[in-house]
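Reading through the structure tokens given below for one structure.
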Amino acid sequence: MSSLKEKLAQKIEAHRPRTTRLLKEYGNVKVGEVTIAQAIGGMRGVKALVTDVSYLDPYEGIRFRGHTIPETLANLPKPAGKEYPYVEGHIFLLMTGDFPTEAEALEVVEEMKVRRQVPQYVFDVLRAMPRDTHPMTMFSAAVLAMQRESKFKAFYEKGFNKMTAWEPMYEDAMDIMARLPVIAAYIYRMKYKGDTHIAPHPDLDLGGNFAHMMGVPEPYDDLMRLYFILHSDHESGNVSAHTTHLVASALSDAYYSFSAALNGLAGPLHGLANQEVLRWIQGVMDKMGGDEVPSEDEMKKFVWDTLNSGQVIPGYGHAVLRKTDPRYMAQREFCLKHLPDDPIFKYVDRLYNVVPPILKEHGKAKNPWPNVDAQSGVIQWHYGVTEYDFYTVLFGIGRALGVLTNITWDRALGYPIERPKSLTTDMLEEIAGIKD
Ligand code: HAX
């Protein structure tokens, strides 16, 4: 057994009595109440999910296993000469709650190399799809096509055992995480690079190998290490995380669950926002005439025009956050260091000054500050990945790390099938005391 799996097994053993005790002895203690606004309004703020993988504080932002983004980046082992840590080390942290030693991180690096073999029929499925299919559709279809590989499915068919069900779930989770970068790079090069492909490099870690297969030179490898870590998790109520958890709660395997999550991530209010940000900024650039960064007044007018036409400003606002997303700040730091003179970065920077006061004046968005998607596409564009409908696929590779860890733990702690209760409008009117 690998050090990661062994440590995970120990952590699970230690954790199980905590969940059992809460359920058995304190199951009736209330954690909150639900209002009519929450029932109609997307369950915002309803505390009805449990995860220890990450926690999102509205004012502080995400903590992975209790650690802020700067703490996470500082404490994870890094490849020699690189600025950002091994993604594989982050997987170790998310799974176990402990920072790995360098040797432990390197063990996961080697393990992922073995797991990253994608069956040929997955490429055949992709090749059979019309070339103008959206890359997220291809990505989700590839994950679903691989479902026949599921070790959890085989385990279930042999006879389900609640105590050991996390093991095949873990195996599937790790296989999927290892294969996603290979599938994504294949989709990218098939669609946009003349169907020419670059084989995985045996010496490279997940981030480095992804950059290699994409055909993008340094420091794109470091950027993608940062990117995948930043996008890995945002607690468990967001659409992609919740979908993974919900589908897995029916004892569907990780392939079914994560393919469904990708379909949610593909929505413009969720992961597709990074594509929309670029599309929108380029609309601004076209209107303003090329690379010249417009004045604040010109920019303000464009923002107001967007709002007045009934559209949202992509990359701004958040369902939980109430300040600038620290994931935006981490990427901004990268931009300030590596691409301070990039014309689109200058646009993004100007928008950072212009949009929040306008959203405040507009008075609708509860959070006028930028989220992760406001910055991420710009960096991709800078390094030549200009096909912005591909950006959500990148988000999907990162998001897999957290949500697949989450469902491994769901199985370990024996979480049941999810089944909230619904009410009718008549019932709500009765509760509100306005029913005739
Ligand atoms: N521009 C204009 N209006 C906005 C807005 C924005 N960026 N953000 C919120 N609003 C509006 C909402 O549309 C809503 O209007 P209505 O009352 O007319 O429906 C109102 O403000 C209240 O919304 P909210 O409570 O502040 O925000 P929600 O929790 O409902 O939605 C969203 C959160 C992220 C979906 C929202 O802020 C949004 O649409 N932002 C733009 C799209 C975006 O950037 N999405 C990516 C978010 C990060 C992410 O999940 N990435 O995957």
Side-chain angles (χ1 to χ4, degrees), residues 35 37-46 54 56 58-59 61-62 69 136 139-140 227-244 258 261-281 283-284 299-300 302-331 348 351-352 354-378 380 388-403:
T35 64
Q38 288 172 316
I40 296 177
M43 297 189 278
R44 216 59 95 253
V46 175
S54 68
L56 179 58
Y59 296 97
I62 191 69
I69 288 170
M136 277 302 271
F139 202 38
S140 172
Y227 185 99
F228 293 147
I229 290 171
L230 291 183
H231 287 76
S232 60
D233 211 29
H234 224 215
E235 68 173 39
S236 62
N238 65 78
V239 169
S240 49
H242 190 194
T243 305
T244 318
F258 188 64
L262 287 173
N263 301 340
L265 192 66
L269 295 187
H270 193 16
L272 201 78
N274 54 21
Q275 163 181 331
E276 294 305 292
V277 169
L278 245 282
R279 193 202 299 279
W280 184 72
I281 289 180
V284 188
M299 208 73 147
K300 280 180 189 164
F302 198 83
V303 173
W304 274 116
D305 286 351
T306 303
L307 289 172
N308 291 337
S309 69
Q311 297 170 61
V312 295
I313 306 297
Y316 282 77
H318 200 272
V320 179
L321 277 171
R322 293 295 173 258
K323 65 163 244 183
T324 297
D325 192 335
R327 299 173 300 173
Y328 173 96
M329 294 311 281
Q331 293 183 94
V348 168
L351 285 168
Y352 185 42
V354 165
V355 174
I358 293 181
L359 282 179
K360 281 186 198 164
E361 193 183 330
H362 185 240
K364 273 191 171 184
K366 294 191 188 69
N367 177 35
W369 304 107
N371 60 57
V372 65
D373 293 318
Q375 188 75 249
S376 52
V378 175
Q380 295 297 327
Y388 44 72
D389 56 356
F390 187 71
Y391 294 170
T392 314
V393 172
L394 302 174
F395 196 152
I397 301 173
R399 183 48 54 97
L401 314 179
V403 301

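Just so you know, ligand 1 is whichever comes first in the structure, and atom 1 is the first atom listed for that ligand.
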Tell me which protein heavy atom sits closest to atom 18 (O) of ligand 1, plus the residue, atom name and distance to 0.1 Å. Lys364 NZ, 2.8 Å
Can you find a protein heavy atom under 4.0 Å from atom 22 (C) of ligand 1? yes
Minimum heavy-atom distance Val277-Asp373, with the two atoms named: CG2-O, 3.4 Å
Can a donor-acceptor pair be found, under 3.5 Å and without considering hydrogens, that links the side chain of Glu235 to the backbone of Ser54? no
Using heavy atoms and a 4.0 Å limit, tell me yes or no: is Leu359 in contact with ligand 1? yes
Any atoms of ligand 1 less than 4.0 Å from a non-hydrogen atom of Asp373? List them with their elements. 46 (C), 48 (C), 49 (C), 51 (N), 52 (O)
A student checking ligand 1 against Ala273 at a 4.0 Å heavy-atom cut-off should list atoms 43 (C), 44 (O), 45 (N), 46 (C)
Closest non-hydrogen protein atom to atom 29 (O) of ligand 1, residue and atom name please, with distance? Arg44 NE, 3.0 Å
Qualifying residue, where the test is side chain to side chain contact (heavy atoms under 4.5 Å, CB included) with Asn367 and the options are Leu359, Thr324, Val320, Leu321: Leu321
Based purely on interatomic distance, does Val312 place a nitrogen or oxygen under 3.5 Å from a nitrogen or oxygen of ligand 1? no
Sub-6.0 Å ring centroid separation between Trp280 and Tyr388: no
Show which atoms of ligand 1 fall inside a sub-4.0 Å distance from at least one heavy-atom site of Gly315. 43 (C), 44 (O)
To which protein heavy atom is atom 36 (C) of ligand 1 closest, and what is the distance rounded to 0.1 Å? Tyr316 O, 4.4 Å
So which heavy atom on Tyr316 is nearest to which on Ala374, and how close? CE1-CB, 4.3 Å
Any protein heavy atom sitting closer than 4.0 Å to atom 14 (C) of ligand 1? no
Side-chain heavy-atom pair His270, Arg399 within 4.5 angstrom cut-off: yes
Under 4.0 Å from a heavy atom of Ile313: which atoms of ligand 1 are those, numbered in the order shown and with their elements? 1 (N), 2 (C), 6 (C), 7 (N), 41 (C)
Run the contact test for Leu307 against ligand 1 with a 4.0 Å cut-off on heavy atoms, strictly below, and give the result. yes
Quick one: does ligand 1 sit under 4.0 Å from the side chain of Asn371, the backbone, both or neither, non-hydrogen atoms only? side chain
Sub-4.0 Å protein heavy atom next to atom 51 (N) of ligand 1: yes
Tell me: protein heavy atom nearest atom 27 (O) of ligand 1, and distance? His318 O, 4.4 Å
Whether Arg44 side chain and Gly42 backbone form a donor-acceptor pair below 3.5 Å: yes
Side chain or backbone of Leu269 under 4.0 Å from ligand 1, or both, or neither, by non-hydrogen atoms? both
Give, for atom NZ of Lys360 and atom CH2 of Trp369, the distance between the pair rounded to the nearest 0.5 Å. 4.0 Å
Which atom of Val354 lies closest to which atom of Ile358, heavy atoms considered: O-CG1, 3.4 Å
On a heavy-atom basis, the closest approach of Leu278 and Val378 is CD2-N, 3.5 Å
Asn371 and Tyr328 have their tightest heavy-atom pair at O-CD1, 3.6 Å
What's the shortest distance from atom 9 (C) of ligand 1 to any protein heavy atom, and which residue and atom give it? Ala365 CB, 3.5 Å
Closest approach of Ala273 to Pro314 (non-hydrogen atoms, all atoms of both residues): O-CB, 4.2 Å
Which of the atoms of ligand 1 are close to Phe395, meaning less than 4.0 Å from one of its heavy atoms? 51 (N), 52 (O)
Residue, atom and distance of the protein heavy atom nearest atom 26 (O) of ligand 1 read Lys366 N, 2.7 Å
If the cut-off is 4.0 Å to any non-hydrogen atom of Gly271, which atoms of ligand 1 fall inside it? 52 (O)
Is atom 32 (C) of ligand 1 near the protein, in the sense that some protein heavy atom lies at less than 4.0 Å from it? no
Show the atoms of ligand 1 that are less than 4.0 angstrom away from any heavy atom in Ala319. 29 (O), 33 (C)
Looking at Tyr59, is its backbone amide N or carbonyl O close enough to the side chain of Arg322 to form a donor-acceptor pair, meaning the two atoms are under 3.5 Å apart? no
Given side chains that start at C-beta, do those of Thr243 and Leu265 come closer than 4.5 Å, heavy atoms only? no
Taking both backbone and side-chain atoms of His270, is any N or O found less than 3.5 Å from an N or O belonging to ligand 1? yes
